[in-house]
Amino acid sequence: MSHQATFLGRYQDAATLARAAYTGPAGSLGPTMMAHHLAMEARALARLGDERGCDLALAEAERRLSQRTPDSDPAYIAYFDEVELAAEMGHCFRDLGRTVEATERGAGSIFGDGLNNRSDFFATMVQAESYIIHGEIGRGFDFALSALQLGEGLKSARCVQYVREFQGRVTDGMRRAMEFRGFEEQARGFRLWQPAA
């Protein structure tokens, strides 16, 4: 619910829901589940611009995740690992405008092995946005093309939102750059780049 609230732009609700998820049953949650809920809180706090709160939640999520053992959590949360946490950090640091950290910490969350295209798409779009915000537009456009390719087989409102957010970050100055012309020529061939996607 916290993740969905963040997607809907209800960031305060998202933070409250994440906190409720880990404070209510705190004694019975395993370390992976705690780390996951803390990461969701961090995502919401980053969107709210609460840098200190986000950093504290991420640090605690890292600490908790380091405590997990093979039998410490239910099987359904096993997917949440260091790679998933790296993706969450990439999102948080991008949202806080800390783009160097976003590219460094989030880079380890992209596999490109064809097994997790949806996760790879999101992480790659975050990298693309982080690079263009930082001023490395050529690199950002390269990542965006990779993400668009990953997104070809995906049907998701969240995927569309990520692309629209990226498009919104591309300034008029960037659009005049030679890198953008080459990028746009290729991007037009991808479904998610089209306005009606």
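We count residues from 1, following the sequence as given.
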Taking the side chain as everything from C-beta on, heavy atoms only, tell me whether [X] gets closer than 4.5 Å to [Y].
X	Y	answer
Ser119	Glu84	yes
Phe141	Val170	yes
Val163	Leu148	yes
Ile132	Phe166	yes
Pro31	Leu65	no
Gln67	Ser72	no
Asp55	Phe93	yes

Distance (rounded to the nearest 0.5 Å) between [X] [atom1] and [Y] [atom2]:
X	Y	atom1	atom2	answer
Arg169	Ile137	CZ	CD1	15.5 Å
Thr124	Phe143	OG1	CZ	7.0 Å
His3	Leu8	NE2	CG	11.0 Å
Glu179	Asp142	CD	CG	9.5 Å
Leu154	Leu150	CG	CG	7.5 Å
Glu41	Leu56	CD	CG	9.0 Å

Decide, yes or no, whether a salt bridge links [X] with [Y] under the criterion of side-chain N to carboxylate O below 4.0 Å.
X	Y	answer
Glu101	Arg94	no
Glu165	Arg47	yes
Arg68	Glu82	yes
Arg105	Glu62	yes

>> Tell me which one of Arg64, Met34, His36 satisfies side chain to side chain contact (heavy atoms under 4.5 Å, CB included) with Leu29.
In response: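 It is Met34, the one option of Arg64, Met34, His36 that forms the side chain to side chain contact (heavy atoms under 4.5 Å, CB included) with Leu29.
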>> Exactly one of Asp71, Ile77, Thr69 should register a side chain to side chain contact (heavy atoms under 4.5 Å, CB included) with Asp73. Which one does?
In response: Ile77
What's the shortest heavy-atom distance between [X] and [Y], and which atoms?
X	Y	answer
Leu145	Ala187	CD2-N, 3.9 Å
Tyr131	Arg139	OH-NH1, 3.1 Å
Cys54	Leu96	SG-CD1, 3.9 Å
Glu60	Leu38	CG-CD1, 3.4 Å
Ala61	Ala35	O-CB, 3.4 Å
Ala144	Ala128	N-CB, 3.5 Å

>> For Arg19, I'd like to know if atom CZ has over 12 heavy atoms of other residues, nucleotides or ligands within 6.0 Å.
In response: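 Check passes, neighbour count above 12.
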>> Looking at Glu136, I want to see if its CD is surrounded by more than 12 non-hydrogen atoms of other residues, nucleotides or ligands under 6.0 Å.
In response: yes
>> One pair to check against side-chain contact (heavy atoms from CB on, under 4.5 Å): Glu88 and Met40. What are the steps and the verdict?
In response: CA-CA 8 Å; Glu88 298 302 333; Met40 292 300 97; 3.6 Å; yes
> Parallel, tilted or perpendicular: which describes the rings of Phe121 and Tyr162, with under 30° parallel and over 60° perpendicular?
Replying inline: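 Tilted, since the angle between the ring planes falls between 30° and 60°.
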Within one Ile-Leu-Val-Met-Phe-Trp-Tyr cluster: [X] and [Y], side-chain cutoff 4.5 Å:
X	Y	result
Met89	Ile133	no
Leu45	Leu58	no
Tyr22	Tyr76	yes

>> Quick one, Met33 with His37, criterion side-chain contact (heavy atoms from CB on, under 4.5 Å). Give me CA distance, side-chain angles, the key distance, then yes/no.
In response: CA-CA 6 Å; Met33 193 68 89; His37 298 336; 3.4 Å; yes
>> Does the Lys NZ or Arg CZ of Arg158 fall within the cation-pi geometry relative to Phe122 - under 6.0 Å from the ring centre and within 45° of the axis?
In response: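 Yes, Arg158 and Phe122 form such a contact.
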>> Main chain of Ala15, side chain of Arg43: is a donor-acceptor contact present, judged purely on distance under 3.5 Å?
In response: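 Not a single qualifying donor-acceptor pair exists.
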